[in-house]
Amino acid sequence: MKTLINNDWQEVLGPEFEKDYYQNLHSFLKKEYANQEIHPDMYHIFQAFEWTPFSKVKVCILGQDPYHGPHQAHGCSFSVLPGVKVPPSLQNIYKELESDLGIKPVNHGYLEKWAKQGVLLLNTVLTVRDGQAFSHQGKGWELLTDKAIQSLSERKQPVVFILWGKAAQDKIQLIDQKKNVILTSAHPSPFSAHRGFFGSRPFSKTNTALIAMGEEPIDWQLPEKIN
């Protein structure tokens, strides 16, 4: 069995890597990376899983597609690499964080600190062509990420799932709602944030839920500077 993730996610998702759909996805991606500009680079496709091992996940923030601009995507939903302008959706996330918990926005969009505390920053599709949103949808990624969501839902220790927008909320059927906590609202994108994302207070609600589960709350304050 090929090792693609260097922690306990490998045990969870390893059998998927042997299945026909993943083999077909792998062949498709080989051609895409050879002939197109694809985001993120192939070494960071599984970054969300690498940063937040299966047994350490406390929160899952579900995104849809990686950012499709140059140097933005690095394998974690909503996060961008240091030095890259903070995208509009993340700017709105920061605004809500400030109004919810009084945490001032930082001038970068690198969310590693959240991930290292147990916030899985998962997109449902893990790759995209440069400048072509949703170009890798329906190629097989959804089957893999559905398995990840379902496995978290079935895990003994519950998870707080943050589902922003319809695409994320379509995954509710994969989640055991009796055991896990699900927070939903409009998507933070500029097109929809005013339709219920602003004022939804996901950060304080997440921490309240974690404390009720006997978990440490997340420190949502990002560092001012990235080393």
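Just so it is clear, the model here is predicted, and its values are computed rather than measured. The chain is numbered in sequence order, starting from 1.
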Under the 3.5 angstrom rule, does the side chain of [X] hit a backbone N or O of [Y] as a donor-acceptor pair?
X	Y	answer
Asp8	Ser55	yes
Ser79	Gly109	yes
Asp130	Glu37	no
Asn180	Ser153	yes

Test of understanding: with side-chain hydrogen bond (donor to acceptor under 3.5 Å, both in side chains), list the residues that count as partners of [X], not counting sequence neighbours.
X	result
Lys113	Asp219
Asp146	Lys171
Ser189	none

Same apolar cluster (I L V M F W Y, side chains within < 4.5 Å links), Phe161/Ile211: no

All ring pair (Phe, Tyr, Trp, His ring centres under 6.0 Å) counterparts of Tyr33, not counting sequence neighbours: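 None.
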
Listed partners of Tyr21 passing ring pair (Phe, Tyr, Trp, His ring centres under 6.0 Å), at least two apart: none

Greater than 12 external heavy atoms within 6.0 Å of Lys179's NZ: yes

Residues, nucleotides or ligands: over 12 heavy atoms within 6.0 Å of Glu11 CD: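 No, the 6.0 Å shell around CD holds no more than 12 heavy atoms from other groups.
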
Grab the two heavy atoms, one from [X] and one from [Y], that are nearest each other, plus how far apart they are.
X	Y	result
Ala73	His39	CB-CB, 4.0 Å
Val12	Lys147	O-CE, 4.0 Å
Leu126	Asn123	CD2-O, 3.3 Å
Thr184	Gln169	CB-NE2, 3.7 Å

Salt-bridge criterion met for Glu98 and Lys95 (N-O under 4.0 Å):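 Between Lys95 and Glu98 there is no salt bridge, as every charged N stays at least 4.0 Å from the carboxylate O atoms.
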
Aromatic ring proximity, centroids under 6.0 angstrom, Phe17 and His26: no

Let me check something: any side-chain donor-acceptor pairs from residues 59-68 under 3.5 Å, sequence neighbours excluded? List them with distances.
unit_1: Asp65; atom_1: OD2; unit_2: Phe134; atom_2: N; d: 2.5
unit_1: Tyr67; atom_1: OH; unit_2: Phe78; atom_2: O; d: 2.9

Euclidean distance, Leu4 CG relative to Ile45 CD1, rounded to 0.5 Å: 9.0 Å

Among Leu152, Leu13, Leu120, Ile5, the one residue meeting side chain to side chain contact (heavy atoms under 4.5 Å, CB included) with Phe54: Leu152

